[in-house]
Amino acid sequence: MSLRLPFTALLLLSTAGIAAEKGQPPITAQTSLSGGPLDPIQKKLTLDTADLQIEVDPEREVINGIALLNFTARDRINKVVVDLDKNYTVTSVQVDGVDAAFANPEGRMTITLAKKVAKESKLAIKIVYGGRPHTAVRAPWDGGFVWSKTPDGRPWMATAVQMEGCDLIWPCIDYPTYEPQKVDLHITVPKGLKAPSNGKLLGVTQMDDGRTIWNWEVKHPNLYGIALNVGPYEELSGTYKSKFGNEIPMFYWYLPGEKDKAEKLFAEVAPTLDFYESVVGPYPWADEKVGVVETPHKGMEHQTINAYGNDYAKSPDGFDSLFQHEFGHEWFANQLTASNWDDFWLHEGFTAYMQPLYGRWREGDGRYTAMMLASRTGIVNKSPIVAGKPQSAEDVYVRAPGRGGDIYTKGSWTLHTLRNAVGDKAFAEILRREVYGRSDPAPGNFTTQFRTTPEFIAIVNQVTGQDWQWFFDVYLYSAALPKLVVTRNATQLTLKWVAPNGKPFPLPVEVVVDDAVQKVAMTGGIATITVPESAHVVVDPMSRVLKQDDAVDAYQAWKADQAKK
Ligand SMILES: [Zn+2]
């Protein structure tokens, strides 16, 4: 376990003392993509397990690594292809203990096998690499390594690579479904620093010179969820007694001098678990830990070591929404993982919806509705939130106008509208099947799930016994929102849905006529009800339905004008 890392390599590769500028060294187009097209050879491989020894040198801003990767060939192959940022110098590659030829011109590294191997062959590949990693510009959005200092001037670093992928840190196959079954991490840090990371701590190895090696083991890690965190952390810990009968260790690593604030945040962990375990289901990583670490960047859903950088912000909602959001990704991103980045909204839409649902859990419908309406103005409807074809993370987040925000807000409002349409009981069942692949999740009876949007829709149809394709065709696969056209004459009120491209949209709507609420079935997308001439009418009084809204459109246009001034 405590293998010493090659210091000769460290000295050769370092640019001592010169801090990297943001965005440096630059990365190739290949490395900047996560989940882009797979290489044909990668399609013939699974990465079964990985063992990563990584030494972090915060003074020089370099790392050195030894990656032991165990693959299975799913077909006859004579090469192995892994993704690794070419800014790292690779000093050695071995296949089953024998030196192998390799080339890594663009961040996609080809390793030549001595001979063609048969289908189902196992390959153990050892890659020794090191150098100065890519520095984040604006983590977590433009990610990479974040080299920072604590207020008292000590080294503090983190990684956040969701957009660019695991290949900024270690040699991997940077595609969502290539999660190894297990990753072992051995992180070496200078004297006085700690390295909280993913999964279960197997032990800390003390070296003679004061350095320590932090040995972690994580099962089924989400690839962008593997993270390095180094700092002079202090630690809070506790045990959560789950309603499912098990006990879960909880940890928070925070910067020295913040004990009071840290204790207040740590006190939010158990009630947040109460909510998620009740509304979604069992915490997926109970046999490892709940882990939160303070980071120099805002936040990221690193599996069992959630990044928290919200500076203990206060909110009238009464809880730390950033912590609550990132923690929700343990279910929606880490337990359930989108099969392709086109399904990114399965991470962000569901997790964004968990904040108003938590408001409702804590305080009731008033808080819930206030939080929903606060997010409504953020929906821009410029691109559909699902394209229906393979996408990289960047395609979704950056390239399609407005999509990067709408996967959160419009995703959340789509689920809000769905819950109101199918009811709480069916919605809870949909969540369980979606997240765990079964109706009765309990500790030990489920494993991680990869999901596409069509699979989610199939679950909704199964649970409700109805076909909801028309609903998702409009909310997920169309850019524009459906418009509810309301006309009234002396005795009648007519409601008519106008959905993009004339799509069918028979979604029921509530109407208040004077003091009486009625639910209007919109069969065929249209309905007429009798309304006395003197009656006061409010359509959708509880804002249960996501629809085009003149006031929101006018507000957004005015805000855009203001921003130009
Ligand atoms: Zn998120």
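Worth saying up front: this structure is predicted, and the values here are computed from it rather than measured. Counting convention: from 1, in listed order, for ligands and their atoms alike.
Taking the ring centre of Tyr397 as origin, the terminal cationic atom of Arg399 falls outside the region bounded by 6.0 Å and 45° from the ring axis. Under a cutoff of 6.0 Å and an axis angle of 45°, Arg433 and Phe427 do not form a cation-pi pair.
Ring centroids of Tyr358 and Phe319 are separated by less than 6.0 Å, placing the two rings close together.
Taking the six-membered ring where tryptophan is involved, the planes of Tyr224 and Trp341 are tilted, since the angle between them lies from 30° to 60°.
Angle subtended at the Zn ion (ligand 1) by His329 NE2 and His325 NE2: 100°, rounded to 10 degrees.
For His347, every N, O or S atom stays at 2.8 Å or more from the Zn ion (ligand 1).
Looking only at N/O/S atoms, Glu348 comes nearest to the Zn ion (ligand 1) through OE1.
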